Number of protein chains: 2
Amino acid sequence: MNAPQLTKNQALVFEVLEKADGPLSAYTILDKLRDHGFRAPLQVYRALEKLLEYGVVHRLESINSFVVCAHPNENCHSHGTVAFAICESCGHVMEFHDHEVDHRLMDWTRGKKFKAEKTTIEIRGLCETCAA
Amino acid sequence: MNAPQLTKNQALVFEVLEKADGPLSAYTILDKLRDHGFRAPLQVYRALEKLLEYGVVHRLESINSFVVCAHPNENCHSHGTVAFAICESCGHVMEFHDHEVDHRLMDWTRGKKFKAEKTTIEIRGLCETCAA
DNA sequence: TCAATTGCGTAATGCTATAACGTGTGCGAT
DNA sequence: ATCGCACACGTTATAGCATTACGCAATTGA
């Protein structure tokens with residue numbers, strides 16, 4: 001799924017996330033866009049839904065937040081499962097991919113005949129700076 | 001962290017989860033315990049907090065639900081990271097552990113000097129039965 | 001005895017997400 | 001051309017998840 005031209009709302013939401021240098025909740029995004037005419041959560045959620053679909057934004061399940069994909073131009077969906085390390089102190093997020101992990105998880109699902117649709121890997125803790 | 005004697009509320013919540021054969025949300029648990037005098041979400045959340053701490057219950061971040069640990073008597077916290085496969089059709093959850101995955105993620109965090117506190121691995125999809 | 005800890009109960013609130021309705025616009029098929 | 005469809009959008013209301021703040025009671029241990 002590649003990203004077509006974004007609509008106005010999608011572009012606004014994306015821009016806010018891009019500038020944020022950290023994950024944002026839908027309601028935080030909403031607040032940042034009130035000046036641009038946003039009035040309801042649904043406007044944000046609808047835009048996010050598409051951005052997630054296009055693979056340019058990721059959702060962090062463990063903190064109910066959203067973050068731009070670390071791979072600006074490539075299609076993130078082709079990298080296999082995305083993993084995140086989330087600093088609980090500064091909020092910074094590192095995105096990475098590990099094919100060996102993917103492979104192990106795929107082996108397991110295959111063994112169980114489980115049809116995986118979406119895999120979440122999120123490590124919460126402290127980044128180097130904050131742990132020091 | 002091993003589980004001491006559970007308090008009344010903790011035992012009630014645990015029992016409900018144990019009988020459930022699938023993950024339950026905190027509010028579902030609350031509803032099931034109204035007859036036993038539960039009246040507020042906090043009663044459930046407080047019990048869950050302890051049960052999570054004792055390692056006898058897990059939280060599924062991606063579906064905001066809770067499930068009993070698949071290892072009745074051992075201390076789950078000693079198995080390394082827990083992974084879950086969650087069927088989006090029937091709601092059934094399989095818990096598993098993969099040391100190789102743990103190892104790969106630990107390698108990554110060590111390389112980044114990231115101090116991991118809690119790792120979430122959740123695979124959503126369809127179980128063998130539901131996929132057929 | 002006093003202070004600290006822990007569990008509990010209640011009320012209120014806050015945060016996250018979706019349902020249900022209707023509007024307008026672009027576009028292809030007839 | 002116009003009808004039907006898909007899609008984005010706007011608004012209101014509601015559902016679902018989680019925590020804050022307050023106070024009380026029992027337990028423990030200095």
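Worth saying up front: this structure is predicted, and the values here are computed from it rather than measured. Throughout, protein chains are lettered first and strands after them, A, B, ... in sequence-line order, and every chain is numbered starting at 1.
- Two residues, B:Ile63 and A:Gly37, neighbour DNA chain D, and the one matched to the more 5' nucleotide by heavy-atom proximity is A:Gly37.
- The interatomic distance linking B:Glu49 (CD) with D:dA18 (P) rounds to 13 Å, in whole Å.
- Distance from the side chain of B:Ala40 is smallest to C:dT10 among D:dC17, C:dT10, C:dA17.
- For B:Leu42, the listed nucleotide lying nearest its side chain is C:dT10; candidates were C:dT10, C:dC8, D:dA8.
- Positionally, the nearest nucleotide of DNA chain C for B:Gln10 lies more toward the 5' end than for the other of B:Gln10 and B:Arg39.
- Under a 4.0 Å N-O distance rule, the pair A:Glu49/A:Arg46 does not qualify as a salt bridge.
- The distance from atom CZ of A:Arg46 to atom P of D:dT11 is 11 Å, rounded to the nearest whole Å.
- One finds no side-chain N or O of A:Thr7 lying less than 4.0 angstrom from the OP1 or OP2 phosphate oxygen of D:dA8.
- Atom CG of B:Leu52 is separated from atom P of D:dA18 by 11 Å (rounded to the nearest Å).
- The separation between B:Arg59 atom CZ and D:dC17 atom C1' is 9 Å, rounded to whole Å.
- Atom CZ in B:Phe114 sits 6.0 Å away from atom SG in A:Cys87 (nearest 0.5 Å).
- For B:Asn64 and D:dA18, the shortest distance from a side-chain N or O to OP1 or OP2 is below 4.0 Å.
- OP1 and OP2 of C:dC8 both lie 4.0 Å or more from every side-chain N or O belonging to B:Gln43.
- For A:Tyr27 against C:dA17, a side-chain N or O and a base N or O form a donor-acceptor pair under 3.5 Å.
- Taking the nucleotide of DNA chain D with the nearest heavy atom to each of A:Lys8 and A:Pro41, the more 5' of the two is matched to A:Lys8.
- Taking atom CG on B:Leu48 and atom C1' on D:dT19, their separation rounds to 14 Å, with Å as the unit.
- With salt bridges taken as basic N to acidic carboxylate O contacts below 4.0 Å, none links B:Glu100 and B:Arg104.
- One atom, CZ of B:Phe66, and another, C1' of D:dA18, lie 9 Å apart when rounded to the nearest Å.
- Nucleotide C:dT5 holds its P atom 13 Å from the NZ atom of B:Lys50, rounded to whole Å.
- A:Phe38 places its CZ atom 16 Å from the P atom of D:dT12, with the value rounded to the nearest Å.
- Aromatic stacking is not marked for B:Tyr45 over D:dT19, as the cut-offs of 5.5 Å for the centres and 30° for the planes do not both hold.
- Taking 4.0 Å as the cut-off between side-chain N and carboxylate O, B:Glu88 and B:Arg124 count as a salt-bridged pair.
- Taken from CG in A:Leu17 to CG in A:Leu48, the straight-line distance is 6.5 Å, to the nearest 0.5 Å.
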